[in-house]
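We count residues from 1, following the sequence as given.
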Amino acid sequence: MKVVNLKQAILQAWKERWSDYQWAINMKKFFPKGATWDILNLAEALLEQAMIGPSPNPLILSYLKYAISSQMVSYSSVLTAISKFDDFSRDLCIQALLDIMDMFCDRLSCHGKAEECIGLCRALLSALHWLLRCTAASAERLQEGVEAGTPATGEKQLAMCLQRLENTLSSTKNRALLHIAKLEEASLHTSQGLGQGGTRANQPTASWTAIEHSLLKLGEILANLSNPQLRSQAEQCGTLIRSIPTMLSVHSEQLHKTGFPTVHAVVLLEGTMNLTGETQPLVEQLMMVKRMQHIPTPLFVLEIWKACFVGLIESPEGTEELKWTAFTYLKIPQVLVKLKKYCHGDKDFTEDVNCAFEFLLKLTPLLDKADQRCNCDCTNFLLQECNKQGLLSEANFANLVAKRSADREHAPQQKSSENANIQPNPGLILRAEPTVTNILKTMDADHSKSPEGLLGVLGHMLSGKSLDLLLAAAAATGKLKSFARKFINLNEFTTHGSGESTKTASVRALLFDISFLMLCHVAQTYGSEVILSESSTGAEVPFFETWMQTCMPEEGKILNPDHPCFRPDSTKVESLVALLNNSSEMKLVQMKWHEACLSISAAILEILNAWENGVLAFESIQKITDNIKGKVCSLAVCAVAWLVAHVRMLGLDEREKSLQMIRQLAGPLYSENTLQFYNEELLKETRKEHTLRAVELLYSIFCLDMQQVTLVLLGHILPGLLTDSSKWHSLMDPPGTALAKLAVWCALSSYSSHKGQASSRQKKRHREDIEDYISLFPLDDMQPSKLMRLLSSNEDDANILSSPTDRSMNSSLSASQLHTVNMRDPLNRVLANLFLLISSILGSRTAGPHTQFVQWFMEECVDCLEQGSRGSILQFMPFTTVSELVKVSAMSSPKVVLAITDLSLPLGRQVAAKAIAAL
């Protein structure tokens with residue numbers, strides 16, 4: 001018989017009763033090498049012929065099973081063929097198809113091209129849809145059988161369908177392939193919607209929407225099922241299907257751990273160094289730590305409260321104590337309000353906050369110590385503020401207050417009379433917050449109409465510690481900049497006077513002096529950034545801003561004592577020197593105070609020169625400095641500011657008289673060094689728990705200047721350790737795992753905040769020498785034509801990857817290049833270089849601690865990242881690294897492949913499908 005086509009060949013085999021082995025040999029004779037069996041649709045042709053009658057043809061089915069076992073046909077072609085059978089009333093045919101699926105569904109694989117692996121993903125999605133439809137049809141028949149009194153047959157088929165569903169879905173590998181198929185389908189629909197796509201060969205009719213509809217229908221049918229075992233099995237399958245889109249976003253939280261030093265340290269550093277900063281950077285930093293360390297929300301909030309109470313207890317008396325109180329009771333509740341938006345719904349978060357307070361109430365010694373320090377019930381004030389912000393329900397608030405009140409009955413009480421009249425700082429801070437708002441409104445009024453009333457307001461602010469209370473409250477609520485701006489405007493208003501009486505001139509002098517000193521205090525306490533206005537072209541810069549930028553000493557700032565602002569009109573200087581040399585009253589009417597402040601420097605220089613040359617004695621200098629302090633205090637401040645700049649320009653043997661004059665004007669100067677320095681990055685620790693604690697503390701300290709630290713750590717330290725075999729011993733466990741964790745945390749934190757503005761807690765960076773980072777490791781820059789081919793390619797991407805002529809380009813091709821990330825940016829360049837080095841290490845034949853470190857580094861990346869790596873640090877990893885990583889036993893899992901591959905790109909999905917299908 002002359003064979004014309006595939007169908008004829010199958011019929012001939014059936015008529016002549018060929019064995020499966022004989023059939024395979026003859027088929028290869030009929031169809032010589034050339035087209036593959038999948039292209040000829042062998043699996044579909046066999047199934048079509050096997051299912052013609054009321055029951056399946058066992059001989060033809062044996063041919064199909066042999067073709068599957070001998071890999072004549074791919075798994076994807078068999079699954080696609082099965083999914084096209086839709087006569088669910090033919091029980092024997094359905095059972096035969098389910099038996100065929102049993103042959104391979106728990107061990108799907110594909111070792112072909114990337115496009116063939118994507119085809120397997122699509123085919124599995126179609127098969128899942130077919131299984132759901134088959135299960136639903138079986139459930140409907142069972143329901144009909146129950147009503148007719150013959151349930152046995154339907155129940156058996158339903159059990160068979162559910163068992164195959166469970167077997168298919170219980171494989172993590174299968175769910176990963178389905179995950180890729182869902183993304184591929186969504187991408188295809190998007191490209192078709194934009195007019196860029198077409199119909200692919202063998203494209204399945206199933207979609208994820210169809211899967212969800214079938215699952216919903218199945219649930220409705222099974223709701224009335226009396227068999228609890230089958231219903232439970234169906235619910236478990238539904239749960240597994242619904243978990244597929246988010247299978248990478250589920251992390252196990254650290255329920256075994258109760259202390260989290262990183263959170264503690266980040267909060268302590270923020271409260272100590274950045275009270276005036278915006279809350280959003282702190283919220284993002286805390287959420288980054290929470291995600292990276294998988295901290296449960298109640299323990300996360302508890303750690304924040306613990307840090308706040310430690311700050312209250314340990315802060316020095318005075319301004320720092322008030323700042324910590326404002327931070328705890330005003331800023332942190334606002335931070336938690338924003339954190340609520342990141343968590344799962346309002347109700348869940350309020351319960352988590354309640355749980356955190358329940359834990360906190362058990363820390364009785366900590367709370368008692370805070371109460372003693374602040375002379376009040378600190379917890380009660382905190383509960384009130386959280387209740388006001390909607391962070392606690394009324395019932396939980398009342399319960400917590402009652403518990404703490406009962407516990408305080410047994411707490412040690414301060415009985416001393418000196419503490420009896422002390423008003424607690426928490427209460428003062430909470431009352432100061434609305435006062436700040438009222439003062440801001442008052443300062444908006446026309447200063448010329450009621451200067452005496454304004455002076456009264458300022459006098460009230462300066463009484464006791466009111467000013468520090470108000471400034472701390474303003475800083476914690478983000479109003480300090482506005483507060484400072486009002487006083488700059490007031491100070492500017494008082495620089496000139498016209499047609500004024502002696503009384504009015506006196507009030508104006510006081511307003512100038514008070515506003516000047518208050519602004520100096522704000523700048524010294526909270527930093528000059530809160531004083532400076534936004535730069536606007538053509539706008540006149542207020543006097544105080546000019547003076548502060550050119551004359552006020554600050555850490556790290558070099559002043560020029562010969563600056564033109566220190567060289568005013570000589571006649572004004574002479575009159576000021578004469579005034580300071582006698583004790584007569586200063587003429588206040590028409591006095592231009594800003595000119596006096598700028599002239600004092602030149603006057604002091606004249607006096608200093610006279611003293612140096614013996615014209616004036618020390619007694620005269622004492623008299624002059626007393627006169628300066630006795631006029632207006634701002635003159636003394638300006639004099640000291642210039643002297644500080646002047647002293648720095650003198651030799652050590654020339655400074656004595658200038659320093660004596662400073663001491664006369666300002667009293668003794670003290671400097672206190674409170675910075676702690678940490679020596680050796682961690683690598684000397686030998687106990688695992690100690691190295692992890694070191695990582696958490698170092699990370700929180702690095703937050704002070706995370707961008708710069710990350711550039712050094714990833715761009716210099718790690719490459720140096722990984723490429724120098726003499727240093728590999730320092731990468732062994734436990735310091736190696738700790739360093740990998742620290743490196744990933746720093747990389748993620750820096751990159752997540754890289755595109756936005758740097759946090760104000762970080763030091764301002766100088767302009768980087770980008771070429772230094774470009775020269776760390778040479779990258780193969782891709783030609784635009786090749787890049788455009790990759791961007792526009794879908795089916796041919798795998799061919800491009802495997803082309804020998806493009807091998808040099810392939811070694812560095814990464815998702816970041818397809819996303820056109822700016823590779824001249826220092827951080828991007830350092831990340832790309834590090835991942836190139838990692839790829840090189842994985843591909844080399846030399847194993848050692850450095851290869852183990854790379855594994856730990858990648859494991860930490862996977863552990864910290866959430867689903868979807870576009871925009872994350874892993875986009876800088878070359879695609880070729882994926883195939884190398886899955887060779888490492890600890891990394892050879894479907895979830896790892898999905899986590900490290902950019903699934904938003906067609907090429908990324910192909911790389912992932914190929915790697916997973918080969919596992």
Side-chain angles (χ1 to χ4, degrees), residues 79-80 82-108 121-179 181-182 185 204-250 894-895:
L79 290 173
T80 301
I82 290 174
S83 64
K84 292 181 179 180
F85 185 83
D86 58 3
D87 189 353
F88 299 116
S89 63
R90 297 161 64 184
D91 294 349
L92 294 176
C93 291
I94 294 297
Q95 183 173 346
L97 294 176
L98 293 175
D99 289 341
I100 290 173
M101 292 184 71
D102 282 343
M103 294 178 64
F104 56 83
C105 269
D106 60 341
R107 49 185 176 86
L108 286 176
C121 298
R122 296 196 201 101
L124 185 58
L125 186 68
S126 293
L128 175 62
H129 187 222
W130 181 83
L131 274 174
L132 286 172
R133 290 165 59 214
C134 185
T135 307
S138 302
E140 284 180 331
R141 290 184 61 195
L142 172 59
Q143 198 169 6
E144 294 169 359
V146 170
E147 294 171 357
T150 58
T153 304
E155 188 167 281
K156 180 181 178 183
Q157 183 163 321
L158 176 60
M160 289 169 53
C161 291
L162 285 173
Q163 187 60 50
R164 270 57 174 202
L165 259 179
E166 188 175 21
N167 290 345
T168 302
L169 293 167
S170 59
S171 164
T172 305
K173 178 177 179 178
N174 287 356
R175 295 200 305 275
L177 294 173
L178 289 167
H179 181 87
K182 177 184 179 297
E185 178 226 349
T205 56
S207 68
W208 192 257
T209 304
I211 296 283
E212 291 175 324
H213 286 164
S214 298
L215 192 59
L216 188 62
K217 180 182 178 182
L218 181 60
E220 292 171 354
I221 297 171
L222 294 176
N224 301 319
L225 195 65
S226 59
N227 188 322
Q229 183 178 353
L230 292 180
R231 192 166 62 241
S232 172
Q233 195 174 16
E235 289 172 355
Q236 186 177 358
C237 290
T239 301
L240 285 172
I241 292 173
R242 282 186 287 268
S243 72
I244 288 171
T246 58
M247 64 183 298
L248 293 182
S249 60
V250 179
K895 281 194 174 183

For residues 159-171, pull every pair meeting salt bridge (charged side-chain N to carboxylate O under 4.0 Å, His left out), keeping only residues two or more places apart or in separate chains.
Asp99-Arg164, Asp102-Arg164

Checking Asn167 against Gln163: is there a side-chain donor and acceptor pair closer than 3.5 Å?
yes

So do [Y] and [X] actually touch side chain to side chain, heavy atoms under 4.5 Å?
| X | Y | result |
| --- | --- | --- |
| Ile244 | Leu169 | yes |
| Cys134 | Ile94 | yes |
| Leu98 | Leu131 | yes |
| Leu97 | Met101 | no |

Tell me which one of Leu165, Leu162, Asn227, Leu158 satisfies side chain to side chain contact (heavy atoms under 4.5 Å, CB included) with Gln233.
Leu162

Can you name the residues that form a side chain to side chain donor-acceptor pair (under 3.5 Å) with [X], not counting sequence neighbours?
| X | value |
| --- | --- |
| Glu212 | Trp208 |
| Ser214 | His129 |
| Thr135 | none |

Taking all non-hydrogen atoms of both residues, which atom of [X] and which atom of [Y] are closest, and how far apart?
| X | Y | value |
| --- | --- | --- |
| Ala181 | Leu125 | CB-CB, 4.0 Å |
| Pro894 | Ala176 | CB-CB, 3.5 Å |
| Ser138 | Cys161 | OG-SG, 3.6 Å |
| Leu222 | Ala139 | CD2-CB, 3.8 Å |
| Gln157 | Phe88 | NE2-O, 3.8 Å |

If you draw a 6.0 Å radius around NZ in Lys173, do more than 12 non-hydrogen atoms from other residues or ligands fall strictly inside?
yes

Those residues at least two apart in sequence (or on a different chain) that pass side chain to side chain contact (heavy atoms under 4.5 Å, CB included) with Arg90 are Met51, Phe85, Asp87, Cys93

Sequence neighbours excluded, which residues qualify as side chain to side chain contact (heavy atoms under 4.5 Å, CB included) partners of Leu108?
Tyr75, Leu79, Phe104, Leu120, Leu124, Asn174

Would Ile241 and Leu128 count as a side-chain contact (heavy atoms from CB on, under 4.5 Å) if you check the C-alpha gap in whole Å, the side-chain angles of each, and the deciding distance to 0.1 Å?
CA-CA 9 Å; Ile241 292 173; Leu128 175 62; 4.1 Å; yes

So CZ of Arg175 and NZ of Lys182: to nearest 0.5 Å the spacing works out to 15.5 Å

Output the distance between atom CG (Asp106) and atom OG1 (Thr168), rounded to the nearest 0.5 Å.
8.5 Å

Please report the C-alpha distance between Asp91 and Lys156 in whole Å, then the side-chain angles of each, then the deciding distance to 0.1 Å, and finally whether the salt bridge (charged side-chain N to carboxylate O under 4.0 Å, His left out) criterion is met.
CA-CA 10 Å; Asp91 294 349; Lys156 180 181 178 183; over 6 Å; no

